[in-house]
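Keep in mind that the numbers below use all heavy atoms, side chains included, and drop hydrogens, waters and symmetry copies. In what follows, residues are counted from 1 in the order of the sequence shown.
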Amino acid sequence: MRTFAQVLVNTAVANVTTSFLWFALTFWVYLETRSVLATGIVGGAYMLLVAVFSIVFGTIVDRHRKQHVMLFASLVTLAAFSIGGVLYLIFPEDALLDLGGPMFWIFAGIILFGAVVENLRNIALSTTVTLLVPVERHANANGLVGTVQGLAFLVTSVFSGLSIGLLGMGWTLVIAIVVTGLAAFHLLFLRIPEELPERDGSASAMDIRGSIAAIRQAPGLFALIIFSTFNNLIGGVYLALMDPYGLELFAVELWGIVLGVASSGFIIGGLVVAKFGLGKNPIRTMLVLVAIMGLLGATFTLREWWPLYAGGIWAYMTLIPAVEASEQTVIQKIVPFARQGRVFGFGQALESAAAPITAFLIAPLAQFLIIPYMASESGSATWGWLLGDGSARGIALVFLFSGLALVVLALGAFLTRSYRLLSAEYQGRPADRMVTIR
């Protein structure tokens with residue numbers, strides 16, 4: 001547990017630093033160019049690359065010692081950020097901010113690459129829970145992982161903007177390079193007890209077949225990953241519309257503070273899981289919490305009251321660590337350690353791709369169809385009794401139906417054979433492994 005704590009803190013520092021620079025780059029580009037297109041392409045490219053490389057990362061984690069994987073990721077990220085720093089010194093800001101020129105895309109792409117590679121550490125961290133923590137404490141350890149992720153979000157939300165506003169992009173790069181270097185240096189002296197992983201005969205860097213084979217060995221596990229993917233599809237609605245709705249209620253400066261305060265829900269939720277665990281059946285816990293999240297998403301915009309919205313976001317974020325910890329805890333118990341990296345990577349690939357897809361689809365639908373409809377007399381007459389009056393009732397209507405869909409999805413999962421089989425597998429009861437999973 002002492003070694004796990006050191007790995008957790010080291011990963012927290014690395015994640016905070018990577019997110020700090022990535023968010024700072026986004027703020028800097030938008031403030032200097034006022035181009036939503038540029039920030040949108042950069043953000044979408046990040047999610048796309050995470051989805052593409054997650055299976056590769058999972059394969060790397062399974063085939064090498066976890067300390068070596070983490071050190072490799074840190075050194076690659078350090079090299080990428082350092083190259084970005086050199087480019088910032090060599091070229092004037094005008095050249096780096098010229099969206100029509102090559103240097104903007106080279107500069108942003110190098111930092112993007114360093115940030116994406118950092119995700120390799122997160123997959124390795126999930127497997128170190130199995131390696132270093134007793135099985136009865138897996139849920140608690142995963143709660144601490146959620147706390148670390150929440151801390152990264154909170155720190156990033158506050159300090160990235162302050163760094164760009166007070167210090168500029170140059171010193172922001174210096175901070176990121178120095179702290180990333182310190183995290184890599186600490187890893188040199190960290191010892192994670194692990195035997196050299198055995199080769200499984202596959203030479204493919206993207207071992208999709210091995211990932212699917214590991215998932216199919218556990219009845220219902222593929223259904224769990226698909227459920228999480230659909231959950232993220234609906235989460236894409238909030239990704240696309242949460243900020244526009246918030247900016248209807250708050251000034252931009254205040255909205256940043258609201259998000260920072262609301263992100264404390266991540267930390268509190270993670271600490272609750274770390275203290276109390278997830279119960280005897282984490283799958284049931286996850287489905288119940290997802291249904292509650294759906295209710296929150298459906299109701300926190302029923303009226304344009306800022307306390308309702310801010311409180312709803314905080315409560316929603318408080319539940320996320322437990323939902324993510326539930327999936328991780330199940331995989332850590334029922335998937336052999338030698339294949340856990342590939343399973344985590346495969347799940348991350350599907351789930352990372354899901355939210356941007358919905359975000360890209362829902363944004364134009366809301367902009368050109370739903371919002372104008374709710375602004376019309378017909379829309380107001382039909383839904384005004386439920387959603388009240390205000391300038392953002394179209395977004396509220398999207399949130400309402402998205403939240404209700406999430407409730408139906410979670411409650412419907414209780415009725416599936418996959419839920420019963422996976423619950424039996426996790427709790428160690430006999431299960432017919434030849435039953436077709438749906």
Side-chain angles (χ1 to χ4, degrees), residues 1-19 54 57-78 117-152 155 178-199 266-267 269-278 282 321-322 324-345 347-348:
M1 288 298 295
R2 182 178 299 175
T3 303
F4 174 72
Q6 293 188 59
V7 172
L8 187 64
V9 172
N10 185 280
T11 303
V13 172
N15 284 351
V16 166
T17 307
T18 303
S19 299
S54 288
F57 291 164
T59 305
I60 292 173
V61 167
D62 281 343
R63 292 176 178 174
H64 300 86
R65 288 191 173 101
K66 307 307 173 274
Q67 180 186 5
H68 295 171
V69 170
M70 292 181 171
L71 184 59
F72 170 77
S74 290
L75 292 177
V76 171
T77 300
L78 177 61
V117 171
E118 184 60 33
N119 281 277
L120 181 58
R121 289 176 57 105
N122 295 328
I123 296 175
L125 176 64
S126 295
T127 65
T128 60
V129 172
T130 306
L131 184 64
L132 301 174
V133 180
V135 65
E136 66 274 9
R137 299 287 296 173
H138 281 183
N140 309 83
N142 289 322
L144 290 175
V145 173
T147 300
V148 164
Q149 293 169 343
L151 180 62
V155 171
V178 170
V179 178
T180 301
L182 291 174
F185 183 73
H186 173 255
L187 278 174
L188 291 173
F189 300 95
L190 189 62
R191 292 293 177 263
I192 299 177
E194 179 188 6
E195 295 181 359
L196 183 66
E198 295 182 3
R199 294 286 180 172
F266 279 121
I267 300 173
L271 291 175
V272 169
V273 176
K275 175 66 175 178
F276 299 105
L278 296 164
E324 294 183 348
S326 297
E327 182 182 7
Q328 292 169 351
T329 301
V330 172
I331 292 174
Q332 287 157 356
K333 182 172 182 180
I334 67 177
V335 175
F337 175 73
R339 289 181 177 265
Q340 284 184 11
R342 273 165 282 193
V343 174
F344 280 119
Q348 187 180 93

Quiz item: Counting only heavy atoms not in Phe185, do more than 12 fall under 6.0 Å of its CZ?
Solution: no
Self-check item: Spacing of CG belonging to Leu8 relative to OG1 belonging to Thr3, to within rounding of 0.5 Å
Solution: 12.5 Å
Quiz item: Between Val13 and Leu182, is a side-chain contact (heavy atoms from CB on, under 4.5 Å) present by the stated rule, with each step listed?
Solution: CA-CA 9 Å; Val13 172; Leu182 291 174; over 6 Å; no
Self-check item: Closest heavy-atom pair and its distance - Gly181, Leu78
Solution: N-CD1, 3.9 Å
Quiz prompt | Candidate pair Thr59 and Asp62, rule side-chain contact (heavy atoms from CB on, under 4.5 Å), full reasoning | solution = CA-CA 5 Å; Thr59 305; Asp62 281 343; 5.9 Å; no
Quiz item: Would a distance-only check, ignoring hydrogens and angles, find a side-chain to backbone donor-acceptor pair under 3.5 Å from Lys66 to Val61?
Solution: yes
Quiz prompt | Straight-line distance of Leu71 CG to His186 NE2, nearest 0.5 Å | solution = 12.0 Å
Quiz item: About how many Å separate CG of Leu131 and CZ of Phe337, when rounded to the nearest 0.5 Å?
Solution: 4.5 Å
Quiz prompt | Shortest non-hydrogen contact from Gln340 toward Val335 | solution = NE2-O, 3.0 Å
Practice problem: Taking all heavy atoms of Ile192 and all of Val7, pick out the closest pair and write down the distance. | Solution: CD1-CG2, 3.7 Å
Exercise. Using a 4.5 Å cut-off on heavy atoms from C-beta on, say whether the side chain of Met70 contacts that of Thr128.
Key: yes
Quiz prompt | Smallest separation among heavy atoms of Ile123 and Ser54, with atom names | solution = CD1-O, 3.8 Å
Practice problem: Please answer whether the main-chain N or O of Ser74 pairs with a side-chain N or O of Thr77 as donor and acceptor at a distance below 3.5 Å. | Solution: no
Exercise. Can you measure from CZ (Phe4) to OG1 (Thr11) and round to the nearest 0.5 angstrom?
Key: 8.5 Å
Quiz item: Closest heavy-atom contact between Ala325 and Thr329?
Solution: O-OG1, 2.7 Å
Quiz item: CZ of Arg2 to CG of Leu132: how many Å apart, nearest 0.5 Å?
Solution: 13.0 Å
Quiz item: Got a donor-acceptor contact below 3.5 angstrom from the Gln328 side chain to the Ser126 backbone?
Solution: no
Quiz item: Nearest heavy-atom pair of Glu118 and Thr18: which atoms, and what distance?
Solution: CG-OG1, 3.3 Å
Self-check item: side-chain hydrogen bond (donor to acceptor under 3.5 Å, both in side chains), paired with Asn142, selected from Glu327, Gln332, Arg137
Solution: Gln332
Self-check item: CA sep, side-chain torsions, deciding dist, call: Asn15, Arg121, side-chain hydrogen bond (donor to acceptor under 3.5 Å, both in side chains)
Solution: CA-CA 9 Å; Asn15 284 351; Arg121 289 176 57 105; 5.3 Å; no
